[in-house]
Number of protein chains: 2
Amino acid sequence: MVEKSASPREDADLFEISSFTPYLLAQAADAQSDVFSRNYRNRYGMLRTEWRVLFHLGRHGEMSAKEISERASIHKTKVSRAVRALEEKRFLSRVTNSEDRRSERLSLRPPGQEAFRHLCRAAQDYESALEQRLGRQDAGKLRDLLKRLSRS
Amino acid sequence: MVEKSASPREDADLFEISSFTPYLLAQAADAQSDVFSRNYRNRYGMLRTEWRVLFHLGRHGEMSAKEISERASIHKTKVSRAVRALEEKRFLSRVTNSEDRRSERLSLRPPGQEAFRHLCRAAQDYESALEQRLGRQDAGKLRDLLKRLSRS
DNA sequence: TGTTGTTAGTTGCTTTTGTAACTAACAAGG
DNA sequence: CCTTGTTAGTTACAAAAGCAACTAACAACA
């Protein structure tokens, strides 16, 4: 037993990518958004940004595109396109804000509210399944750690 | 104090998107890859998939595109494009496998090895900073949880 | 008013990703 | 040898994201 591996570098210099956090994050994010959002897309034909916008409008009520953009940290061009898509699906209505005619008050129409309720149920089911898988404690810990990471 | 909020839905039906795991994952993944990979891109002009491929070749030595694709769970078309880009930067060489001429043996050239070493150092620095921020215990816990999530 | 600077939102263009179809090489059986 | 089926890798096309430039509305002030 002279050599343990045929790796091209000394072990001291090696770094295991499979434990590299940004890599793990990307991997996990892909895996989970596949599980959830792909599913969701099939049902309502919505893209990820669209259901994020829907989520915010459903949860917090009438607001402007700017507010959504800030709250959700989504770039304004993405919000703009998502709003248009949701309007075309008749999920929301836009009314020019009379106080400041540059902006519009966005709000969910009944079909949008229905989709929001359905989305909430799906999200809750998803979280329950996750807690089953990771355990209640660890699922909570994960959310906590991810929140801390996002603030940077 | 009659109403606590002007939300359009009953609280019982509400679901807080800011605690929704797939959403938190996407947010955190974006934030962290910004911190790391954007930085890295500037230095070597590489995209995320490119340095992932580089990582695998540097760490495990000569292998085929197929093997990279399997080990790293990257779709073969992405690997194909990354390999071409790395070849154009003269970071790797491709030699047709004489055993099976459909595939090629890929290996890092000196500049690629240099980039790999630099990447390892940067990744280690990144992880150190993360451990400082989250604490050693929690950083480890995070990696552990993310690994469990990826297996699905 | 008119000028300058800022903000909300949209549009156009370029880069990147995802998907499906394709080529070339192989393998097994007739 | 000639099918038939499979595999490694590439290419072409469509969907999506990122970025910069643009329009319209506002605000402050000479």
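In this text the structure is predicted, and so the values were computed from the model without any measurement. Note on naming: letters A, B, ... go to the chains in the order of the sequence lines (proteins, then strands), and numbering restarts at 1 for each one.
- One interatomic measurement links the two molecules: CE of A:Met63 to C1' of C:dG9, which rounds to 17 Å at whole-angstrom precision.
- Pairing each heavy atom of A:Met46 with each of A:Leu86, the nearest pair is SD-CD2, 3.5 Å.
- Within residues 72-88 of chain A, the residues approached by DNA chain D to less than 4.0 Å at the level of any non-hydrogen atom are A:Thr77, A:Lys78, A:Arg81, in residue-number order.
- Applying the side chain to side chain contact (heavy atoms under 4.5 Å, CB included) test to B:Asn97 and every residue at least two apart in sequence or in another chain returns B:Glu99, B:Asp100, B:Ser103, B:Arg105.
- Distance, B:Glu67 CD to D:dT7 C1': 14 Å, rounded to whole Å.
- Across all their heavy atoms, B:Cys120 and B:Phe55 have their closest contact at SG-CE2, 4.2 Å.
- Taking atom NZ of residue B:Lys66 and atom P of nucleotide D:dT10, one finds them 14 Å apart after rounding to whole Å.
- The side chain to side chain contact (heavy atoms under 4.5 Å, CB included) check on A:Thr77 picks up A:His75, A:Arg81, with sequence neighbours excluded.
- Separating the CD1 atom of A:Ile68 from the C1' atom of C:dA8 is a distance of 13 Å, rounded to the nearest angstrom.
- For A:Arg52 and D:dA16, the CZ to P distance is 16 Å, given to the nearest whole Å.
- In terms of heavy-atom proximity, B:Gln32 sits nearest to A:Leu149 at NE2-O, 3.1 Å.
- Under the 3.5 Å distance criterion, with hydrogens and angles disregarded, a donor-acceptor pair is assigned to the side chains of B:Lys147 and A:Ser19.
- For A:Lys89, the salt bridge (Lys or Arg N to Asp or Glu O under 4.0 Å) partners at least two apart in sequence or on another chain are A:Glu50.
- Across residues 89-108 of chain B, B:Arg94, B:Arg102, B:Ser103, B:Glu104 each have a non-hydrogen atom less than 4.0 Å from an atom of DNA chain D (numbered order).
- Checked against salt bridge (Lys or Arg N to Asp or Glu O under 4.0 Å), A:Glu87 has the following partners two or more places apart in sequence or in another chain: A:Arg94.
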